[in-house]
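This one's a predicted model, so the numbers in the text were calculated from it and none came from an experiment. All residue numbers in this chain count up from 1 along the given sequence.
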Amino acid sequence: MRRSQIFIFLVGTVFAALTIVFIFFPRTSFSELERRELSTFPQFTLDALRSGDFTRDVSAWFSDTEPFRDHFLSFAMQLKGYMALRSGGDDDVSFHASTSGPEDEFADETDANMDGHELVAEPADTLGEVVADAAKGVEIADYDGHATPQGAAKMASSGVIVVGSGPTTRALMAFGGSSKGGVKYAEAANLYKSVLGPDVSVYCMVVPLASEFYTPEKARKMTSPQLPVIRNIYSHLDGGVIPVDAYSALAHHADEPIYLRTDHHWAPLGAYYAAEAFAKAAGVPFLTLDNYDVHTIRNFVGTMYGFSKDIAVKNAPEDFVYYTPRGVDYSTTFTTINLDKKFRPIGQSKPFKGKFFQHHSDGSPSAYLTFMGGDYNQTVVKTGTANGRRLVIIKDSYGNAIPGFLFGSFEEIHVLDHRYFRKDVSSYVAENGITDLVMVNNIFNAYSSGVASRYRYILTHSTPVPAAEPATPKSSPDSAAKSAPQPQQKPDSVAAPSTNVSDDPVVERRDSL
């Protein structure tokens, strides 16, 4: 009897303590783990009260902003690690006890993939089923798997495969696409060439994910091959669109740190090899890596910690190594697109000078924002390379790391993000004397019909955005960058990638892929 009383007392004490914490302690406004602003208390209106929206939003705010949120999540990750269950009798593949739920950042996405753009849950296609083995003179060789690890793997939250253990742990995005996908993206590239005409060279670069090169054989059933999809996209290019074989460039260097282990992006070194392949396709000069200064941000842990909710990723920080060109004259001008809390453009700054490379301290989770400060800045770089070649890069966040390797290749480089660009590309190209245009997207976005629709829309349509005056810079380019209007969320926050992009120009959610 006494034991039960002690148990009841202990349980009651815990619940009483939690009640005090949840009611009286300060609530969390930003989650470093999830890299996002948390819910805000809703504004009261009679209409919202009558419809039930107000009480629902209050409930969402209360559960989303719990005190010590990141501490509780980290503790839950530790428990998940201990409770990982084995699957199918395979000693090398396991899955977490809970792989999804209301807290999953991608719970509302198709197939629980990192991007979820209409991915088809079909058996992985064989290479023999692809439409063509080569496209437009580009032969993409099969990857021989020389860098593929043979250790254990587990499926964590959000369709993330966690490979290995200890300091070399790697988190990978699973891909669920069919080899017949991506045709609409190729058709969008073809339309660009048709509209822009013979005076503008159009290129298409599809970037594979790290899972293509680093998923152990026993875990291959968790993800579909990406090479057949890339081959299929390139086989549907016509009208003079030039494919860029980033796949082979990356595969040849897969034993080097070309992808980040703890982040969903590639590493700057991977972008270097892809930029080299593009420069070759474009017939422009290219600065080799010995022309760059090397910078290292230590103890970097990227987005895959929050996506996977696996403590092993947090416990395996890595070096973020990036490169700045040496002895190259260039100047960078930004126009910042400002978004509301639903990631809809509400204004933009006037052009201001700033630094292309933003430096971050050791341990910063924002290391990938080194390039242009992130996705929201429409960027123009004028270089000292007087060859009359002016490039537009239309991209997702993978494309952010590309321009810095092309300062010795083009006279001007214009960087536009397809999610936030509000003008029409055809007019922009004509007004700026553009000679070359390249579409750079990771395979999730290249597979997406919604992204293809977005590309088609911005080619000939524009959505006016009111201009907003930035604070006037009074000193260095650094101060200009700091004084410019910034997005409402912290710059490295990561929400579920947008799947609802359509011919409607409104960008509903932020896609940091």
Side-chain angles (χ1 to χ4, degrees), residues 330-358 366 368-383 390-404 406-407 410-434 436-440 454-455 457-493 498 501 505-507 510-512:
Y330 64 93
S331 64
T332 308
T333 302
F334 298 110
T335 301
T336 297
I337 304 298
N338 299 314
L339 309 178
D340 63 15
K341 291 184 178 180
K342 294 184 178 181
F343 310 105
R344 294 175 298 203
I346 56 175
Q348 64 186 46
S349 73
K350 288 187 175 181
F352 63 95
K353 297 289 185 180
K355 288 187 175 182
F356 184 91
F357 298 99
Q358 310 289 322
S366 304
Y368 196 77
L369 295 178
T370 291
F371 315 106
M372 305 176 294
D375 295 321
Y376 299 111
N377 287 324
Q378 182 177 308
T379 306
V380 178
V381 181
K382 294 187 177 181
T383 75
R390 297 180 180 88
L391 171 69
V392 162
I393 301 174
I394 308 182
K395 53 79 186 179
D396 57 23
S397 59
Y398 268 61
N400 293 2
I402 289 280
L406 299 174
F407 292 174
F410 291 89
E411 187 172 295
E412 291 183 8
I413 302 172
H414 299 244
V415 187
L416 314 176
D417 194 297
H418 68 82
R419 297 160 292 184
Y420 310 116
F421 184 63
R422 312 306 294 172
K423 300 180 181 178
D424 68 275
V425 174
S426 58
S427 295
Y428 188 94
V429 165
E431 292 167 2
N432 291 279
I434 300 301
D436 301 83
L437 182 147
V438 60
M439 298 164 56
V440 180
R454 177 67 186 162
Y455 266 93
Y457 182 88
I458 64 174
L459 177 58
T460 56
H461 297 79
S462 64
T463 303
V465 177
E469 291 279 354
T472 303
K474 296 183 179 180
S475 55
S476 66
D478 240 358
S479 64
K482 292 177 182 177
S483 64
Q486 295 300 318
Q488 302 245 346
Q489 289 198 338
K490 290 193 177 182
D492 199 36
S493 61
S498 172
V501 182
V506 174
V507 177
R510 179 175 179 180
D511 174 2
S512 43

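A donor-acceptor distance shorter than 3.5 angstrom exists from the side chain of S426 to the backbone of L459, with no hydrogens or angles considered. A donor-acceptor pair is defined here as one N or O able to donate and one able to accept, closer than 3.5 Å; such a pair exists between the side chain of R454 and the backbone of H418.
With sequence neighbours left out, T335 forms a side chain to side chain contact (heavy atoms under 4.5 Å, CB included) with Q348, S349, P351, Q378. The side chain to side chain donor-acceptor pair (under 3.5 Å) check on S427 picks up D424, with sequence neighbours excluded. For Y428, the side chain to side chain donor-acceptor pair (under 3.5 Å) criterion is met by H414, not counting sequence neighbours. For the side chain to side chain donor-acceptor pair (under 3.5 Å) test, no residue two or more places apart in sequence or in another chain qualifies with T383. For T333, the side chain to side chain donor-acceptor pair (under 3.5 Å) test picks out K353, with sequence neighbours left out.
Summarising the geometry, atom CG belonging to L416 is positioned 9.5 Å from atom NZ belonging to K423; distances are rounded to the nearest 0.5 Å. Taking CE of M372 as the reference point, atom OG1 of T379 lies at 5.0 Å (rounded to 0.5 Å). Atom CD1 of I458 and atom CZ of R422 lie 9.5 Å apart (nearest 0.5 Å). Taking CG of L369 as the reference point, atom CG of D375 lies at 8.0 Å (rounded to 0.5 Å). In this structure, T332 OG1 and F352 CZ are separated by 10.5 Å, a value rounded to the nearest 0.5 Å.
Taking the six-membered ring where the residue is Trp, the centroids of F356 and Y330 are separated by 6.0 Å or more.
A perpendicular orientation is assigned to the rings of F371 and F357, their planes being inclined by more than 60° (bins at 30° and 60°).
A side-chain donor from one of N377 and T336 sits under 3.5 Å from a side-chain acceptor of the other.
A salt bridge between D417 and K395 is present, with a side-chain N of the basic residue lying under 4.0 Å from a carboxylate O of the acidic one.
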